[in-house]
Trainee: 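Quick one: structure below, then a few questions.
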Amino acid sequence: MIENVFNLVKDHPNTVFPLLASFASVILHEYEMKPIVVDVSGEFSSGKSGLLLLCSSVLGSPKE
């Protein structure tokens, strides 16, 4: 599954960075460190909500 997701986003650095920050925040939590916060901004209908769902899927199902 990880390969499938990475293959979809690897050519989009604006997507890769927030996704990797989501993974890093999970790892940092294990060491009782503060999470990484990434601010994503842009015009409406540019995919910000989809990116948020992708990043939140690192922690589980984003719809639940």
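The analysis underlying the following values was restricted to heavy atoms, covering all of them including side chains, and did not include hydrogens, waters or symmetry mates.
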Trainee: Could you report the tightest heavy-atom contact between Lys48 and Glu43, atom names first, then the distance?
Mentor: NZ-O, 2.8 Å

Trainee: Hey, could you give me the OG/CE distance between Ser25 and Met33, rounded to the nearest 0.5 Å?
Mentor: 10.5 Å

Trainee: Looking at CZ of Phe17 and SG of Cys55, how far apart are the two atoms once the value is rounded to the nearest 0.5 Å?
Mentor: 10.5 Å

Trainee: Answer with yes or no whether the hydrophobic clustering places Val9 together with Leu52; edges join I, L, V, M, F, W, Y residues whose side-chain heavy atoms lie under 4.5 Å apart.
Mentor: no

Trainee: Do Leu54 and Ile27 sit in the same hydrophobic cluster, where Ile, Leu, Val, Met, Phe, Trp and Tyr count as joined when their side-chain heavy atoms come under 4.5 Å apart?
Mentor: yes

Trainee: Over all heavy atoms of both residues, which pair between Ser46 and Gly42 is shortest? Give the atoms and the distance, please.
Mentor: OG-C, 4.1 Å

Trainee: Would Tyr31 and Val37 show up in the same hydrophobic cluster when neighbours are defined by side-chain heavy atoms closer than 4.5 Å?
Mentor: no

Trainee: For residues Leu53 and Val40: do they belong to one hydrophobic cluster (side chain heavy atoms under 4.5 Å, members Ile, Leu, Val, Met, Phe, Trp, Tyr)?
Mentor: no

Trainee: Could you grab the distance from atom CZ of Phe23 to atom CG of Leu28, nearest 0.5 Å is fine?
Mentor: 13.5 Å

Trainee: Of all heavy-atom pairs between Leu51 and Asn14, which one has the smallest distance, and what is that distance?
Mentor: CD2-O, 4.1 Å

